[in-house]
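The structure under discussion appears below in the form of structure tokens.
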Amino acid sequence: MKYAIITGASRGLGEAIAKRLLQEQIAVISVSRTENEDLKSFANQKGLTYKHHSCNLALENEVQEVFLDIAHYIFENTPEEIYLFNNAGVIEPIHIVGNLEQAPVIRNIQVNLIAPILLTNLFFQKAGLTSTKVVAINITSGAANRPIEGWSIYCSAKAGLNMFTQTAALEQAEKNPNNKIIAFSPGVMDTDMQETIRSSSKDAFKELERFKELKENNKLLRAETVGDALVDLVLNGEPESGRIYTINELI
Ligand SMILES: NC(=O)c1ccc[n+]([C@@H]2O[C@H](COP(=O)([O-])OP(=O)(O)OC[C@H]3O[C@@H](n4cnc5c(N)ncnc54)[C@H](OP(=O)(O)O)[C@@H]3O)[C@@H](O)[C@H]2O)c1
């Protein structure tokens, strides 16, 4: 059986990816602080394999405990292939440097960068002991390549995620070419994250008006459209390890 672990499957892009993978008969392990009841009943009605693990990815101990459990469960079932979607993300803090508070800065880097690093490390390590192929998909952002005033922490975390992806891909090509790791930049989607962005203040975020206009002018992508394009790439598109894909290349 093929397994997918999806962080942040409770809503937004993660939910769309999870639903599509279930439709493809792939066993889904969802990880977030809250559970998506629709996904659960969808899987139950269709008799599909779905499990939810509650975990705060900003807490190192929870990450360690929950993911060792998940890895144990999956590897015990001799998986054919494992997809690790490092999708959970946070935009906050939205403030200019000098006005940042310590706790949200640390939380942002933990969720957006440290958790994906630790999870990829764990699954590549376990895969090295078996013949299972692991594909890690890191959800990044255009903000990794463009400094956006007010988003210094988010931009830095996503830039770090891109570099981690490229470096790990080089290592795996040599050590375990079965494994792949890519990054994917989903474009501006109509999710809760955009609501958070629109509710920030102009003093903290210079481009606020532009983001409000994107919503008013119906320019935001649907999470389902983006999720489908990504799943098509991962399942059928032979993704190139180390590459940072963007949604514009796929739709
Ligand atoms: N929306 C956009 O326009 C946009 C653009 C570029 C890139 N992205 C990236 O796309 C990915 C998905 O974003 P989205 O728009 O779908 O976001 P979203 O709707 O805000 O959903 C975020 C997801 O992350 C989870 N999450 C947040 N903090 C967490 C924590 N501490 N522990 C565990 N899970 C946590 C949330 O689950 P719980 O709250 O249940 O824990 C939720 O499922 C993110 O990596 C984001 O950076 C989004």
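All ligand and atom numbering here is 1-based and tracks the order in the structure.
In this structure, Ile139 and Leu13 approach most closely via the heavy-atom pair CG2-CD2, 4.0 Å. Summarising the geometry of Ala18 relative to Ala9, their closest heavy-atom pair is CB-CB, 4.2 Å, with the distance given to 0.1 Å. In plain terms, the two heavy atoms of Ile244 and Glu249 that are nearest each other are O-OE2, 3.9 Å. The heavy-atom pair separating Lys2 from Ile26 by the smallest distance is O-CG2, 3.4 Å. Nearest heavy atom pair, residue Ala223 against residue Ala16, reads O-CB, 3.5 Å. Considering every non-hydrogen atom in both Lys180 and Phe124, the closest pair reads O-CZ, 3.8 Å.
Contacts between Gln194 and ligand 1, counted as non-hydrogen atom pairs separated by less than 4.0 Å, involve the side chain only. Only side-chain heavy atoms of Val111 come within less than 4.0 Å of ligand 1; its backbone N, CA, C and O stay farther off. Contacts of Val90 with ligand 1, taken as heavy-atom pairs under 4.0 Å, involve the side chain alone. Contact annotation: for Arg107 versus ligand 1, there are no heavy atoms closer than 4.0 Å.
At the shortest separation from atom 32 (N) of ligand 1 among protein heavy atoms lies Leu57 N, 2.9 Å. Among protein heavy atoms, the minimum distance from atom 10 (O) of ligand 1 is reached at Ile139 CG2, 3.3 Å. The nearest heavy-atom contact from the protein to atom 40 (O) of ligand 1 is Thr34 OG1, 2.4 Å. Closest to atom 31 (N) of ligand 1 among all protein heavy atoms lies Asn56 OD1, 2.8 Å. The closest protein non-hydrogen atom to atom 48 (C) of ligand 1 is Met189 CE, 3.6 Å. The nearest protein atom to atom 17 (O) of ligand 1, hydrogens excluded, is given as Met193 CB, 3.8 Å; this is a heavy-atom distance. Residue, atom and distance of the protein heavy atom nearest to atom 38 (P) of ligand 1 are Ser10 OG, 3.6 Å.
Nearest to atom 28 (N) of ligand 1 by heavy atom, out of Glu15, Glu92, Arg33, Arg11, is Arg33. The residue from Leu214, Thr191, Asn87, Val31 that puts a heavy atom closest to atom 14 (P) of ligand 1 is Thr191. Here the shortest heavy-atom distance to atom 5 (C) of ligand 1, taken over Gly187, Ser32, Ala223, Pro116, belongs to Gly187. Of the candidates Ala157, Gly227, Ala88, Ala16, it is Ala88 that places a heavy atom closest to atom 24 (O) of ligand 1.
Electrostatic pairing of Glu207 and Arg146 counts as a salt bridge here, judged by a charged N lying under 4.0 Å from a carboxylate O. Salt bridge status for Lys19 with Asp38: absent, with no side-chain N to carboxylate O gap under 4.0 Å.
A side chain to side chain contact (heavy atoms under 4.5 Å, CB included) with Thr120 holds for exactly one of Ile137, Val134, Asn179, Asn86; it is Asn86.
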> Run the side-chain contact (heavy atoms from CB on, under 4.5 Å) check on Leu100 and Ser152 step by step: do they pass?
Replying inline: CA-CA 10 Å; Leu100 294 167; Ser152 58; 4.3 Å; yes

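Remark: the Thr191 side chain and the Gln194 side chain contain no N/O donor-acceptor pair separated by less than 3.5 Å.
For ligand 1, the atoms sitting less than 4.0 Å from at least one non-hydrogen atom of Gly89 are 22 (C), 24 (O), 27 (C), 44 (C), 45 (O), numbered in the order shown with element in parentheses. For ligand 1 and Cys55, the ligand atoms under 4.0 Å from any heavy atom of the residue are 32 (N), 33 (C). Below 4.0 Å from some heavy atom of Pro186 lie the following atoms of ligand 1, by number and element: 6 (C), 7 (C), 8 (N), 10 (O). Below 4.0 Å from some heavy atom of Tyr154 lie the following atoms of ligand 1, by number and element: 6 (C), 7 (C), 8 (N), 9 (C), 46 (C), 47 (O). Close contacts between ligand 1 and Leu13 involve ligand atoms 16 (O) [criterion: under 4.0 Å to a heavy atom]. Every atom of ligand 1 with a heavy atom of Gly12 under 4.0 Å away is listed here by number and element: 16 (O), 19 (O).
Between Phe67 and Phe123, the two ring planes are perpendicular [angle over 60°; tilted spans 30° to 60°]. Ring geometry for Tyr154 against Trp151 counts as perpendicular: the plane angle is over 60°, on a 0 to 90° scale with 30° as the lower cut.
Using modelled atom types, one side-chain atom of Thr7 and one backbone atom of Asn87 make a donor-acceptor pair closer than 3.5 Å.
Residue Gly14 has no nitrogen or oxygen atom sitting less than 3.5 Å from a nitrogen or oxygen atom of ligand 1, judged on distance alone. Annotation: Gly8 places an N or O atom under 3.5 Å from an N or O atom of ligand 1; distance criterion only.
Ligand 1 has Thr140 within reach: a non-hydrogen atom of the residue lies less than 4.0 Å from it.
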